[in-house]
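Throughout, numbering of the chain's residues begins at 1 and tracks the sequence.
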Amino acid sequence: MGQALYARKSQTKPQDYRDAVEFFRKADEMGCPEAAAYLGISYLYGHGVPRDVERARTISERAASAGNELAEFTMGHIHKDGLGIPVDHAAARAWYRRAAERGNAEAATIVRLMYEGGYGGPRDVSEAIRWYQRATAMGHAKAPTRLAGLLAGQADDKELLRLYQLSSERGDPDGIMMLAYMNEEGKGTARNVQRAVALYEQAVGLGSAESARMLGLIYERGDGVAVDQSRAARYFRDAASDGSEKAKVRFAHYQFHGLGDIERDRSAAITTVERAAQGGDVDAQLWLARLHDDGLSGYADYPTAVYWYAAAARNGQADASARLMARASTYKVMTALQHRVLIRSSRSASADVLGVVSKGRALYRLGEAVDAWQRVLDLDSQIVGWVPTSQLSLPQGGDLDDIVIPMRSRN
C-alpha cells in the first residue's frame with residue numbers, strides 16, 4: 001500500500017507521502033527490507049517526514065545489507081554525491097554494482113559510466129561496454145544509444161543502426177535523433193531524408209534541441225526537401241532557445257543578414273558569435289575572423305581577424321588555416337595597412353625576427369593592435385604554426401624599435 005502511494009509521483013499529495021511513510025515504517029518494523037528502502041528514500045528527500053540524511057543513510061544501509069537492490073542503489077547515490085558523508089566513488093561503484101547485479105538497469109548504466117570515466121577505480125572500457133550491454137538487455141531506454149556511442153568505430157553501421165532503433169522504440173530522444181542521422185546519411189540503411197525529417201521532428205517533440213538544429217540545416221541546404229529559410233530559421237531559433245550553442249551561431253547568421261523572416265539585428269548577431277567564439281566554437285571563431293577581415297563588423301580590423309583565424313586554425317578549422325596562409329602577404333607585416341609589428345622568437349638566441357606590427361592607420365589605435373597580437377601569442381600558438389617562415393619578411397625601412405613582443409617558445 002505504501003509503495004503504491006509513493007509511486008504515484010505526479011499525483012502524490014503531502015498527505016499521501018505521510019500515509020505512505022507510516023506504512024513503510026510499520027512494514028520495516030516487521031522486517032521488510034523493501035519497506036526500509038522506501039523509508040530511507042523518504043528521509044533522504046523529505047517526503048512525508050522532515051529531511052534527515054543521516055537517518056536515511058542508516059536505514060538504507062540496513063536494507064542494502066539485507067540485499068535490497070533499491071537500497072543498494074540509494075547507498076551508491078549517497079556515496080557518489082557525498083550526502084551527509086564525504087564523497088567516495090569507490091564505495092559508490094561497489095554499491096551501484098551490487099544493485100546492477102540484482103537487475104537494476106539504472107544502476108547498470110551508472111556502473112558503466114564509472115568504469116568508462118575511471119570513477120572509483122581504474123578506467124576499463126571493456127567493462128563499461130559489458131555493463132551497457134547488460135543495461136540494454138534489462139530494457140533501459142538510453143542504454144542502447146550510449147552503447148552505440150561507445151562502440152562507434154568498432155561496430156559496423158548495421159549494428160549501430162540496430163541499437164539506435166532499439167532506443168528509439170524505447171522512446172529515447174537521443175536514440176531517435178541518431179536513428180534520424182543514420183537515415184539522413186545512409187549509414188547501415190538506404191538514405192531516406194524524408195524518414196530522417198520525420199524522426200528528427202519526433203525527437204524535437206521529446207525536447208531534443210540538437211534535432212531541431214539538424215532540421216534547420218536540412219531546410220537551409222534543401223537536402224532532400226525544398227529550401228525553406230523561414231522554416232530553417234525557426235528551427236535554429238527553437239534549438240538556440242533550448243540551449244544548443246551551435247544553433248545560436250546559425251541563428252545569428254539569419255539575424256545578421258535578416259534572412260527567413262527574421263528581423264535584421266547585426267549587433268545582437270555579433271554579440272552571439274563573439275560569445276560562442278570565446279567559448280571555443282570553431283565555426284564562430286572562423287565567422288568572427290571573416291567579419292573583421294572583410295570589415296563587416298563595422299570596419300576592417302586585421303589584428304583581431306588574425307587572432308580569430310589563429311584560434312580557429314588551432315582548433316582544426318581547415319578553412320581558417322587556408323585563409324591565414326592565403327593572407328600571409330598581408331599579415332606578415334601589414335604593409336598594405338602601414339602596420340609594422342616586431343615579433344622575436346624566444347627559441348632563437350639570435351632573436352630571429354619573424355614579423356612586425358607597430359604604428360597603423362589612424363583607424364587603429366596602437367594599443368588595440370598590440371593587444372590583438374598579444375592575444376594570438378597567448379594562445380601559445382606562434383604564427384609560424386600557420387604561416388611558413390619563408391613567407392614572413394620585414395618591411396623595407398622604418399623604425400623597428402617601437403614595439404618588441406617576445407614570442408613564446410612552444411615548450
Task: Flag for Tyr235-Arg250: side-chain donor and acceptor within less than 3.5 Å - done: no

Task: From CD1 (Ile78) to CD (Glu61), nearest 0.5 Å - done: 8.5 Å

Open item on the list: Can you confirm whether the side chains of Ser60 and Thr74 place a donor and an acceptor under 3.5 Å from each other?
Closed with: no

Open item on the list: Please verify the inter-ring angle class for His89 with Tyr119; under 30° counts as parallel, over 60° as perpendicular, anything in between as tilted.
Closed with: perpendicular

Task: Rounded distance (nearest 0.5 Å) linking atom CG of Asp157 with atom OG1 of Thr189 - done: 10.5 Å

Open item on the list: Has Ser241 got a side-chain atom pairing as donor or acceptor with Arg237's backbone, closer than 3.5 angstrom?
Closed with: yes

Open item on the list: Would His47 and Val21 count as a side-chain contact (heavy atoms from CB on, under 4.5 Å) here? Give the steps.
Closed with: CA-CA 8 Å; His47 291 167; Val21 166; 5.8 Å; no

Task: Asp156 side-chain N/O to Lys158 backbone N/O, donor-acceptor pair under 3.5 Å - done: yes

Open item on the list: For Asp319, give me all partners under side chain to side chain contact (heavy atoms under 4.5 Å, CB included), at least two apart in sequence or on another chain.
Closed with: Leu286, Arg290, Gln317, Arg323

- [ ] Verify the distance criterion only: is there a donor paired with an acceptor across the side chains of Asp174 and Thr145 at less than 3.5 Å?
- [x] no

TODO: State the CD-OH distance between Glu72 and Tyr96, to the nearest 0.5 angstrom.
DONE: 12.5 Å

Task: Where Ala284 and Ala277 come nearest, the two heavy atoms and their spacing - done: CB-N, 3.6 Å

Open item on the list: Within this structure, what is the CD-CD distance for the pair Glu34 and Glu69, rounded to the nearest 0.5 Å?
Closed with: 8.5 Å

Open item on the list: Please give me the minimum heavy-atom distance between Ala100 and Trp131, naming the atom from each residue.
Closed with: CB-CZ3, 3.3 Å

- [ ] Check the pair Glu54 / Arg57 against side-chain contact (heavy atoms from CB on, under 4.5 Å), numbers first and verdict last.
- [x] CA-CA 5 Å; Glu54 180 58 32; Arg57 184 175 67 83; 2.8 Å; yes

- [ ] Can you run down the side chain to side chain donor-acceptor pair (under 3.5 Å) pairs that involve residues 263-276, sequence neighbours left out, and say none if there aren't any?
- [x] none

- [ ] State, yes or no, whether a side-chain contact exists between Glu220 and Tyr254 at a heavy-atom distance under 4.5 Å.
- [x] yes

Open item on the list: Using side-chain heavy atoms (C-beta onward) and a distance below 4.5 Å, is Leu151 in contact with Leu163?
Closed with: yes

TODO: Evaluate the ring planes of Phe24 and Tyr38, with Trp represented by its six-membered ring, and classify them as parallel (under 30°), tilted (30 to 60°) or perpendicular (over 60°).
DONE: parallel

Open item on the list: Measuring only between side-chain heavy atoms, which start at C-beta, is Phe236 closer than 4.5 Å to His253?
Closed with: no

Task: Which atom of Leu179 lies closest to which atom of Leu199, heavy atoms considered - done: CG-CD1, 3.9 Å

Task: Nearest non-hydrogen partners of Ala64 and Met75, listed with the distance - done: CB-CG, 4.0 Å

Open item on the list: Could you check whether any side-chain heavy atom of Leu296 comes within less than 4.5 Å of a side-chain heavy atom of Phe256, counting everything from C-beta outward?
Closed with: yes

Task: Separation of Leu217 CG from Tyr200 OH (nearest 0.5 Å) - done: 8.5 Å

Open item on the list: Please determine whether a side-chain nitrogen of the Lys or Arg among Arg98 and Glu101 lies less than 4.0 Å from a carboxylate oxygen of the Asp or Glu.
Closed with: no

Open item on the list: Using a strict threshold of under 4.0 Å (side-chain N to carboxylate O), is an ion pair present between Glu184 and Arg221?
Closed with: yes

Task: Beyond-backbone contact of Leu206 with Met177, side-chain heavy atoms, under 4.5 angstrom - done: no

Open item on the list: I'd like to know if the side chain of Arg51 and the backbone of Tyr43 have a donor-acceptor N/O pair within less than 3.5 Å.
Closed with: no

TODO: Kindly indicate whether the side chain of Lys187, heavy atoms from C-beta on, has any atom under 4.5 Å from the side chain of Leu161.
DONE: no

Task: Under-4.0 Å salt bridge between Asp228 and Arg234 - done: no

Task: Steps toward salt bridge (charged side-chain N to carboxylate O under 4.0 Å, His left out) verdict (Asp172, Arg146) - done: CA-CA 11 Å; Asp172 174 37; Arg146 293 173 177 169; over 6 Å; no

Task: Shortest non-hydrogen separation from Ala312 to Val282 and the atoms involved - done: O-CG2, 3.7 Å

Open item on the list: I want to check something: taking the side chain as every heavy atom from C-beta on, are Leu291 and Trp308 in contact at a cut-off of under 4.5 Å?
Closed with: no

Task: Validation row: Tyr132, Thr109 side chains within 4.5 angstrom (heavy atoms) - done: yes

Task: Heavy-atom closest pair, residues Asn68 and Ala37 - done: OD1-CB, 3.1 Å

Open item on the list: To the closest 0.5 Å, what do you measure between NE2 (His79) and CD1 (Ile85)?
Closed with: 3.5 Å

- [ ] Output, in order, the C-alpha distance, side-chain angles, deciding distance and verdict of side-chain contact (heavy atoms from CB on, under 4.5 Å) for Thr136 and Gln133.
- [x] CA-CA 5 Å; Thr136 297; Gln133 289 169 335; 5.6 Å; no

